[in-house]
Amino acid sequence: MPIHSVADCLQGRVPAGETVTVRGWVRTRRDSKAGLSFVQLHDGSCFAPLQVVAPKELPNYASEVAKLTAGCAIEAEGRLVPSEGKGQTVEVQASRVNVVGWVDDPDHYPMQPKRHTLEYLREVAHLRSRSNTIGAVTRVRHGLAMAIHRFFHERGFFWIHTPIVTASDCEGAGEMFRVSTLDLANLPRTPDGKVDFTKDFFGREAFLTVSGQLAVETYCLALSKVYTFGPTFRAENSNTSRHLAEFWMIEPEIAFADLAADAQAAEDLLKYIFKALLNERGDDLAFFAERIDKDCIARLEKFVASSFERIPYTEAVRILKGAKRKFEYPVEWGGDLQSEHERYLTEEHVGRPVVVTDYPKQIKAFYMRMNDDGKTVAAMDVLAPGIGEIVGGSQREERLDVLDARLQELNLDPKHYWWYRDLRRYGTVPHAGFGLGFERTIVYATGMGNVRDVIPFPRTPGSAEF
RNA sequence: UCCCCGGUAGCUCAAUGGUAGAGCAUGCGGCUGUUAACCGCAGGGUUGAAGGUUCGAAUCCUUCCCGGGGAGCCA
């Protein structure tokens, strides 16, 4: 007897009249004393549940079927037929219902057939995948991840598995988590009293990666078009709806590309994956539009149909200075744009995503390519309404003398960057890349307000249960 | 890390110094091809923790814990 998914049954891939076996978890049970029970069966294959109609003639009707509660696991066999009731096109007329797993203590089962707050669901993260919202998020997350890989694959990019553990101390993108096997209660010391990391596992200090960029540049300068897509770690004490200590990031790196090509790649990628989402996950998006954010579908449709605005930083500062509204923080050329400034640009001034380019060198990283003006670098941020910075990228400095000058300016030791400098000594070419925050992308697509609700088990300061 | 808000039944919330309640969930009963059904009954509480003020504290004060929003940092 073939096993069918709920999605197969509901989406017309099983002919009416066919006998099917379905498996999953009970959402609700409604009894009719006319002699049947309606069981809403959910298996995660799509947003909707499948209605299983269980007649009282079943041998275990009174002993088991009539006692099913939310969360029970069952296997049901029966004919898939057009539904007599409203609310579903087809249903299963069960000839057999087996209870695979009961719910102990049903009055305390944490996932009730009612609305829960997202904050509560985080406290039961091992069960929240059974909720409508988290289930929909999970299917959207998968759809976006697959679309990202498809986008790059179709364009000849190679997926590079850059290391999670890095001994390189030059990534410079934030506070790092230390990786060590040393006994914290009994640390080896050098004669001058410092911790002796030569005794540690790697013979030197090691950390979790904060970015695969520097590593992926090495493969870019051989395979031309590459990207990373994996977990990234920041030990910042950030407590916001946009930050996680462990998050996933997509970082393409393109040889012979300049900043304009880089920005175009970011725009093409985002449009591609949102178009895929609109095509593939209409059921889940309809739910987000109904319960989470009524604008989310319209926003995605508008996103794929329009082009990004491009504004140089210097121009952005002029726009902000001329804005009618007052900002808490004043705008000055040479300073970083505050959240309120970014929101104004993308939400009010333009009303759609904005690419801000050519930032002052003093607020950007050492590897970003110096512009001819000597004051700005070829960097870009993509700002999206409601979420702020979703992409950060740049053209990389490919000229060794200019790179060395920047290292010196920032008091960085060139010895630590020996292999990165080698790339500029042996067949250097212009190249550019960006980082796309995966959770922020999902937040933007779904209207979910918090990155903690779009990753299965969020890690934030003081929180790593599960 | 800083500022603000919150923590009451399994969940969502009432009760603003005077006997801790409702809806949903759960159990039992009724009723109906039902639609997060409906009707009735029942069980369910150390009001986040500790201390303080008061005749009396869910309520006011102090400290701590936890959660959220915003800021900084960033993706």
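Side-chain atoms are counted along with the backbone in the values below, which use heavy atoms only and exclude waters and symmetry mates. Throughout, a chain's letter reflects where its sequence line sits, starting with A, and its residues are numbered from 1. No experiment lies behind these values; they were computed from the predicted model shown.
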Q: At less than 4.0 Å, is any side-chain N or O atom of Arg115(A) found next to OP1 or OP2 of U12(B)? Yes or no.
A: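 No.
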Q: Can you find a donor-acceptor N/O pair under 3.5 angstrom joining the side chain of Ser238(A) to the base of C74(B)?
A: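 Result: no qualifying N/O pair found.
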Q: Indicate, with a heavy-atom threshold strictly under 4.0 Å, whether Thr117(A) touches base, sugar-phosphate, or nothing.
A: sugar-phosphate
Q: Could you go step by step and tell me if Arg369(A) and Asp258(A) meet the salt bridge (charged side-chain N to carboxylate O under 4.0 Å, His left out) rule?
A: CA-CA 10 Å; Arg369(A) 191 180 194 276; Asp258(A) 61 10; over 6 Å; no
Q: Which atoms form the tightest heavy-atom contact between Thr446(A) and Asp293(A), and what is the distance?
A: O-CB, 4.2 Å
Q: With a non-hydrogen cut-off below 4.0 angstrom, is Leu244(A) in contact with a base, only sugar-phosphate, or nothing?
A: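 Counting heavy atoms under 4.0 Å across all strands, the contact made by Leu244(A) includes a base.
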Q: Please state the P separation for the pair A25(B) and A20(B) - nearest whole angstrom.
A: 28 Å
Q: Can you spot which of Tyr272(A), Tyr227(A), Phe229(A) makes a ring-ring contact (aromatic ring centres under 6.0 Å, His included) with Phe152(A)?
A: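 Exactly one pass, corresponding to Tyr227(A).
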Q: For Val391(A), report the nucleic acid contact type (base, sugar-phosphate, nothing); a contact means any heavy atom under 4.0 Å.
A: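 Contact class for Val391(A): sugar-phosphate only.
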Q: Met380(A) CE to C74(B) C1': how many Å, rounded?
A: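 It is 15 Å, rounded to the nearest whole Å.
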Q: If I take atom CD in residue Glu119(A) and atom P in nucleotide C11(B), what distance separates them, rounded to the nearest angstrom?
A: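 It works out to 14 Å between those atoms.
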Q: Measure the distance from CG on Asn237(A) to P on C74(B) and round it to the nearest whole Å.
A: 15 Å
Q: So does Lys321(A) have more than 12 non-hydrogen atoms from other groups sitting under 6.0 Å from NZ?
A: yes
Q: In sequence, state the C-alpha distance, the side-chain angles, and the governing distance for Lys364(A) and Asp336(A), and then conclude on salt bridge (charged side-chain N to carboxylate O under 4.0 Å, His left out).
A: CA-CA 9 Å; Lys364(A) 288 293 179 182; Asp336(A) 231 337; 5.3 Å; no
Q: Considering only the P atoms, how many Å lie between U12(B) and G68(B), rounded to the nearest integer?
A: 13 Å
Q: In dot-bracket form, how is RNA chain B paired, counting a Watson-Crick or G-U wobble pair only if both its distances are under 3.5 Å and using | for bases paired to another strand?
A: (((((((..((((....[..)))).(((((.......))))).....(((((..]....))))))))))))....
Q: Taking the six-membered ring for Trp and the single ring otherwise, decide whether the centroids of Phe233(A) and Phe247(A) are under 6.0 Å apart.
A: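 Not under 6.0 Å, so no.
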Q: Whether Arg29(A) contacts U35(B) is assessed here as follows: a side-chain N or O lying under 4.0 Å from the phosphate OP1 or OP2. Is that the case?
A: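 For U35(B), OP1/OP2 do not have a side-chain N/O of Arg29(A) under 4.0 Å.
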Q: Reckon Phe233(A) touches a base, only the sugar-phosphate, or nothing at all at heavy-atom distances under 4.0 Å?
A: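 It contacts nothing in the nucleic acid.
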Q: Which residues satisfy the ring pair (Phe, Tyr, Trp, His ring centres under 6.0 Å) test with Phe47(A), sequence neighbours excluded?
A: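 Ring pair (Phe, Tyr, Trp, His ring centres under 6.0 Å) check on Phe47(A) returns Phe287(A).
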Q: Which of these nucleotides, U12(B), C74(B), G72(B), is closest to any side-chain atom of Arg234(A)?
A: C74(B)
Q: Atom CZ in Arg96(A), atom CD1 in Ile74(A): separation rounded to 0.5 Å?
A: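 If we round to the nearest 0.5 Å, Arg96(A):CZ and Ile74(A):CD1 are 10.5 Å apart.
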Q: With rounding to the closest Å, how many angstrom separate the P atoms on C60(B) and G44(B)?
A: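 Each nucleotide's P atom is 29 Å from the other's.
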Q: What integer number of Å spans the C1' atoms of U19(B) and A36(B)?
A: 35 Å
Q: Using every non-hydrogen atom in the two residues, find where Ile311(A) and Val354(A) come nearest and quote the distance to one decimal.
A: CD1-CG1, 3.9 Å
Q: Work out how far the C1' atom of G51(B) is from that of C65(B), and round it to whole angstrom.
A: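 Pairwise C1' distance, G51(B) against C65(B), rounds to 15 Å.
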Q: In terms of heavy-atom contacts, does NE2 of His126(A) have more than 12 from other residues, nucleotides or ligands at under 6.0 Å?
A: yes
Q: Enumerate the residues from residues 335-343 of chain A whose closest heavy atom to RNA chain B is under 4.0 Å, giving them by residue number; use none for an empty result.
A: Asp336(A), Gln338(A), Ser339(A)
Q: Between Glu217(A) and Tyr367(A), do the side chains contain a donor N or O and an acceptor N or O under 3.5 Å apart?
A: no
Q: Can you list the steps and then say if Glu439(A) with Arg242(A) is a salt bridge (charged side-chain N to carboxylate O under 4.0 Å, His left out)?
A: CA-CA 8 Å; Glu439(A) 284 74 22; Arg242(A) 304 179 305 284; over 6 Å; no
Q: Using a heavy-atom cut-off of 4.0 Å across all strands, would you classify Asn450(A) as base, sugar-phosphate, or nothing?
A: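 The residue Asn450(A) makes sugar-phosphate contact but no base contact.
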Q: Toward the 5' end of RNA chain B, which comes first, Phe438(A) or Gly449(A), by nearest nucleotide?
A: Gly449(A)
Q: Answer yes when Glu267(A) and Arg310(A) have at least one side-chain N-carboxylate O distance shorter than 4.0 Å, and no when they do not.
A: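 Looking at Glu267(A) and Arg310(A), the cut-off is met.
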Q: What are the residues of residues 139-150 of chain A, sorted by number, that bring a heavy atom to within less than 4.0 Å of RNA chain B?
A: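 Within this stretch, nothing sits under 4.0 Å of the strand.
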Q: May I ask you to say what His243(A) touches in the nucleic acid, namely base, sugar-phosphate or nothing, with a heavy-atom cut-off under 4.0 Å?
A: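 Base, at least one base heavy atom under 4.0 Å.
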Q: Arg291(A) near the nucleic acid: base, sugar-phosphate alone, or nothing, with a heavy-atom cut-off under 4.0 Å?
A: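 Base contact - Arg291(A) has a heavy atom under 4.0 Å of at least one base atom.
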Q: For U54(B) and G18(B), measure between their C1' atoms and round to the nearest Å.
A: 12 Å
Q: Show your working on salt bridge (charged side-chain N to carboxylate O under 4.0 Å, His left out) between Glu348(A) and Arg325(A) and close with a plain yes or no.
A: CA-CA 11 Å; Glu348(A) 292 181 50; Arg325(A) 52 169 288 187; 2.9 Å; yes
Q: Centroid separation under 6.0 Å, is that true for the rings of Tyr444(A) and Phe303(A)?
A: yes
Q: Rounding to the closest angstrom, what is the interatomic distance between G48(B) and C11(B) at atom P?
A: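 These two P atoms come out 13 Å apart once rounded.
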Q: Does NZ or CZ of Arg155(A) come closer than 6.0 Å to the centre of the six-membered ring of Phe151(A), within 45° of the ring's axis?
A: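 Checked: cation-pi criterion met.
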Q: If you restrict it to nitrogen or oxygen atoms, what contacts under 3.5 Å exist between nucleotides 28-33 of chain B and the protein, and what is each distance?
A:
unit_1, atom_1, unit_2, atom_2, d
C31(B), N4, Lys33(A), NZ, 2.9
U32(B), N3, Asp31(A), O, 2.8
U32(B), O4, Asp31(A), O, 2.4
U32(B), O4, Ser32(A), N, 3.2
U32(B), O4, Lys33(A), N, 2.7
G33(B), N7, Glu84(A), OE1, 3.2
G33(B), O6, Glu84(A), OE2, 2.8
G33(B), O6, Gln93(A), NE2, 2.8
G33(B), N1, Glu91(A), OE2, 2.6
G33(B), N2, Gln51(A), NE2, 3.1
G33(B), N2, Glu91(A), OE1, 2.4
G33(B), N2, Glu91(A), OE2, 3.1

Q: If we only count heavy atoms from C-beta on, is the Lys361(A) to Arg406(A) side-chain gap below 4.5 Å?
A: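 Sidechains of Arg406(A) and Lys361(A): in contact.
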Q: I want to check one thing: is the phosphate of A71(B), taken as OP1 and OP2, less than 4.0 Å away from some side-chain N or O of Arg242(A)?
A: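 For Arg242(A), the contact criterion (side-chain N or O under 4.0 Å from OP1 or OP2 of A71(B)) is met.
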Q: Between the protein and nucleotides 22-26 of chain B, list every N/O to N/O distance that falls short of 3.5 Å.
A:
unit_1, atom_1, unit_2, atom_2, d
G23(B), N2, Lys114(A), NZ, 2.9

Q: Taking all heavy atoms of Glu77(A) and all of Thr21(A), pick out the closest pair and write down the distance.
A: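 That closest heavy-atom pairing would be CG-OG1, 3.9 Å.
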Q: Work out how far the C1' atom of G10(B) is from that of C39(B), and round it to whole angstrom.
A: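 It works out to 23 Å between them.
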Q: Would you mind classifying the nucleic acid contact of Arg122(A) as base, sugar-phosphate or nothing, using non-hydrogen atoms under 4.0 angstrom?
A: sugar-phosphate
Q: According to a strict under-4.0 Å criterion, is Thr240(A) in side-chain N/O contact with OP1 or OP2 of G70(B)?
A: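 No, Thr240(A) has no side-chain N/O under 4.0 Å of OP1/OP2 on G70(B).
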